[in-house]
Structures are given as C-alpha cells and as structure tokens.
Protein chains: 2
Amino acid sequence: MFDAAPTPISRKLRAAIEDEIVAGALLPGERLDETALAARFAVSRTPVREALNQLATSGLVEIRPRRGAIVASLTPERLYEMFEVMAELEAMAGRLAARRVSAAEIEALADAHAACGANRDDSDRYYAANETFHQAIYAASGNAFLAEQCRALQRRLRPYRRLQLRVRGRLATSFAEHEAIVAAIRTGEGEQVAELLRAHIRVQGERFSDLVAGLARLGAA
Amino acid sequence: MFDAAPTPISRKLRAAIEDEIVAGALLPGERLDETALAARFAVSRTPVREALNQLATSGLVEIRPRRGAIVASLTPERLYEMFEVMAELEAMAGRLAARRVSAAEIEALADAHAACGANRDDSDRYYAANETFHQAIYAASGNAFLAEQCRALQRRLRPYRRLQLRVRGRLATSFAEHEAIVAAIRTGEGEQVAELLRAHIRVQGERFSDLVAGLARLGAA
DNA sequence: GTCAATCATCATGTATACAAGATTGATGTT
DNA sequence: AACATCAATCTTGTATACATGATGATTGAC
C-alpha cells in the first residue's frame, strides 16, 4: 500500500552488484562483463548497463569508454584522502549530535553501543554493530543530507575496512573510544565529541592506507 | 594524443543536461521527457536514459519508477542542510590549505582573488570568479577527494545561489571576506581560515533557504 | 626466433522493437 | 452537475538487433 515497489530490474541489479563489491565478492580491478552479468541475472544487457552506470557515478565502478567496466580500485593516497574527509564529516555529525540529540536518539545510540559490547569477541558481528553505532550518530546530527553523505562514504570504504577487521586489540580500543564518545554526546560537549570522532576515524585511515599500500604491490592492475 | 575522447554520446548528454539544470534553463520540478530529449538532441532514447540515470545518482534529477524523471527540487530544509555540510567541507579545505598550500597555489589563489576584485561591479562575472577562487582553495587543500566533493556540492548548489546573486552589498562583503581568508591562509592560521570560511558559506545558506522557503509557496509541486 | 602488422572475433555503444504500467479523457451513473 | 469507472494513448522499462571500436591471434617479414 505504501510503496508498490515496482522496483525496476536495474535498481535491484545495482543493489546486488553494489553488495557484491562492498562485501568483497567482486575485487577491485575485476572486470564487469555486461553480457556475463546479464546472463548471470537472467536479464538483458540494458538494465545491467543502467546499473553499472549508476555505480560508476557513485564511484564504485570505473567505466572506461569502449573498454568496459571494472570494480574501482583506490590508490593508497586516495584512500587516505577519503578517510580524512570521513573523519571530518563524522566529527561534524558528532558535534551537531551533541547539540541536537533527542532523548530517543541517545537511547538508540546507547543501545547500539551496548550491541558493540555484546559482540566484542566476534569481529564480524562487532563490525556490523559498529556501523549501526555510527549511523546512530549520523541520525542524531539532525542533518539528513550529512547522514546520507556519511553513510555513502562508510559504504564505499567498507571493503577496505574489512581487510583489517582482526587487527589485534583494535576491538577493545574501538569500544573504549565509543564509550568516551557517547559520554561526551550525553554531556553536550560538541567540540570534544568532534575531536574524539576525528581521531577515532583517522587512526583507521592511516592503518588502512598502510595496509593497502602493501597490498597494492601484489594486485597492481 | 592524451584522451582520444571517444566520449560516448551519453556522456555528452549528461554534461549538456546537467549544464541546463545548473544554469537554470531547466527548473526544479520540470519534467524530463526521454522521447523529447532524444528528439531534441537527435539521438535515441538509450543514451538519454543513461544520462538521466547518472544525473539521478548524483542527485540532480529524481527518477520515479514508471513515472518519469524530473529535475530534483530541494526543500528549504534540505538546502539548509547542504549548505551546512558545504560550509564544513570548505572549512576543512581551508584549514588544510593553510598547512599545505604551495607557492604556486597561493599565487593562483591571489590571482583568483584579484579576478573577483576586477569584477566587483558585474555580479555574473563576479560569480564565475568566485567559483574559481573557491576551487583554488579546494586544490590547495592537497586532498583531491575533498576537492571533488566540494566541487560537486558547489555545482549542485549553483542554481540556488544564482537566485540571489544580486543581493545588495553582498559582493563587497564577499570580497572583503575573501581578503581575510587569503591573508589567513598566507600566515598559515588554519583554524582562523576554517572559521572564516564556515561563516562565509553559512551566511549564504541561511539566506538561500529563507529565499527558497519563500519561493516554495509559489511553485509548490 | 622474434617482432610487427593485419584480420577475425568479441565487447561495448546506440538504435529500434516490444511489453506493461500510468495518465488522461470520455462516458455513464448517482 | 459531480464523481467514479473504464478505455485509449502515451511513456517508461526491457529486450533484441545492429554498428563500431578494441582485443588478441595468426601470419608474414626480418
């Protein structure tokens, strides 16, 4: 009754391919053959092309005219840049959240934080809970556009984050940082929240780009 | 020799339609008929659809399944949110620029500022020079991804900025603010630059959303 | 034996054809 | 006269056909 969900095939395809990229089933640099994808999903090339075009616009795939589409691969420099921006956007969301957060939102945030704590021994589940936690901050910022930008970047960076999920001790550190962030949001210390989040994200960016710099030597396209 | 520029038709179309939207030739809410566009550009519907899809992903047009595409229209709230994010991204670019700017880049910035000064009596030309000025800051941030995000947002907000180009006294105020920004970048006062840019952008956002709130009463869809 | 050029094959880009849902106008009813 | 229902038309979504440029293999020359 609400959304009849006509959901054109191309939308479903976009979501499906995006999921595979983000989940790491399709690796950076990998070729995305239109005909093959069309066959695999049992549709014609037309909706496949539409899906690839959309993914290209959002940056997940790269289309080289007349030479086909590949899963976009980020250089370590670019990855670092993206984390630098992500850190700032998160900091902004946190600063706004400290000012604008509602009672319901801070409850959701606390719940998400608790979920992280409950999954401190399973890095995959912690990672999922961690995303929810950060999205709770975006939502509490009261700026829907900012929240969208944050989620989009979070999503684009996900395949790279997964690479270093299991770094020793990172989970405990992350959880402790979350703790401080929640506390500062509760007390409305905007600048403090911003600074905590900036550090929280940036440290990942630095580690990830180190990691990817190493990986790049292997799978260089 | 560099780019053989095969430039598929769909890319040219995307650029053409995007330009018309950004320039204000196509107004928010206006219907984008695929057949009509195809006829106008003397191509088939296929590349038109690809172009519209890309524009939808970047947010300039809205595609309602089975119901066609329209030029995306932003609510005053959303517009305010976008300016809020823009202000923060610009502030970030400025802060980084104050730390990282090269001699050549500060020269380019000074030139762009001078160009603004030379066009202080022509709001259209001032506006163009103003964009160049801000892009010089993005470039000087040393973060290419950030620069891209800023340019994308600048572009998306352009049609709304044009609405109030001629507000009395704004040009002179803007130019004076630029002056202070350049000075602070020269002396490397990152936080000062950030604060100046935040205010410089935000004041526009507030004005624009007021303006659009007024307009919304007329052309409500 | 190696390298280069040419040709065959294949994937992409565009056009056209077909299917299906949405919009609009007309017609009939209350 | 106003409203609802139904049909005709139009537009979008998908499939298929065709054109063109890229890739790669084969053949010939050095």
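Chain letters run A, B, ... following the sequence lines, proteins first and then strands; every chain starts at 1.
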request  = Let me see the working for B/Glu90 and B/Arg198 under salt bridge (Lys or Arg N to Asp or Glu O under 4.0 Å), right down to the final yes or no.
outcome  = CA-CA 7 Å; B/Glu90 290 245 5; B/Arg198 228 189 301 260; over 6 Å; no
How long is the line joining [atom1] of [X] and [atom2] of [N], in whole Å?
{"X": "B/Arg49", "N": "C/dG13", "atom1": "CZ", "atom2": "P", "value": "17 Å"}
{"X": "A/Ile9", "N": "D/dA15", "atom1": "CD1", "atom2": "P", "value": "5 Å"}
{"X": "B/Ile63", "N": "C/dA22", "atom1": "CD1", "atom2": "P", "value": "16 Å"}
{"X": "A/Glu34", "N": "D/dA15", "atom1": "CD", "atom2": "C1'", "value": "14 Å"}
{"X": "B/Arg14", "N": "C/dT14", "atom1": "CZ", "atom2": "P", "value": "13 Å"}
{"X": "B/Asn53", "N": "D/dT14", "atom1": "CG", "atom2": "P", "value": "10 Å"}
{"X": "B/Ile70", "N": "D/dT11", "atom1": "CD1", "atom2": "P", "value": "17 Å"}
{"X": "A/Phe41", "N": "D/dA15", "atom1": "CZ", "atom2": "P", "value": "13 Å"}

ask   = Is there a side-chain polar atom (N or O) of A/Arg31 under 4.0 Å from OP1 or OP2 of C/dT12?
value =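 Yes, A/Arg31 has a side-chain N/O under 4.0 Å of OP1/OP2 on C/dT12.
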ask   = So, is B/Thr46 close to the C/dT14 phosphate, meaning a side-chain N or O under 4.0 Å from OP1 or OP2?
value =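 Checking C/dT14 against B/Thr46, no side-chain N or O comes under 4.0 Å of OP1 or OP2.
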key: Nearest-neighbour nucleotide for the A/Asp33 side chain, C/dT12, C/dA22, D/dT11 considered   =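 Nucleotide nearest to A/Asp33's side chain: C/dT12.
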Can you find a heavy atom in the side chain of [X] that is under 4.5 Å from one in the side chain of [Y]?
{"X": "B/Arg14", "Y": "A/Thr57", "value": "no"}
{"X": "B/Phe83", "Y": "B/Leu157", "value": "yes"}
{"X": "B/Gln204", "Y": "B/Arg170", "value": "yes"}

Quiz question: going by heavy-atom distance under 3.5 Å, is there a donor-acceptor pair between the base of [N] and the side chain of [X]?
{"X": "A/Arg45", "N": "C/dG13", "value": "yes"}
{"X": "A/Arg66", "N": "D/dT20", "value": "yes"}
{"X": "A/Thr35", "N": "C/dA11", "value": "no"}

query = Would B/Arg45 and B/Asp33 count as a salt bridge (Lys or Arg N to Asp or Glu O under 4.0 Å) if you check the C-alpha gap in whole Å, the side-chain angles of each, and the deciding distance to 0.1 Å?
reply = CA-CA 10 Å; B/Arg45 275 177 51 219; B/Asp33 185 279; over 6 Å; no
request  = Would you kindly compare A/Arg67 and A/Ser44 by the position of their nearest DNA chain D nucleotide and give the one closer to the 5′ end?
outcome  =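 It is A/Ser44 whose nearest nucleotide is closer to the 5' end.
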request  = Remember a base hit wins even if backbone is also touched, and classify B/Arg11 as base, sugar-phosphate or nothing at under 4.0 Å, heavy atoms.
outcome  =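 Nothing, no heavy atom under 4.0 Å.
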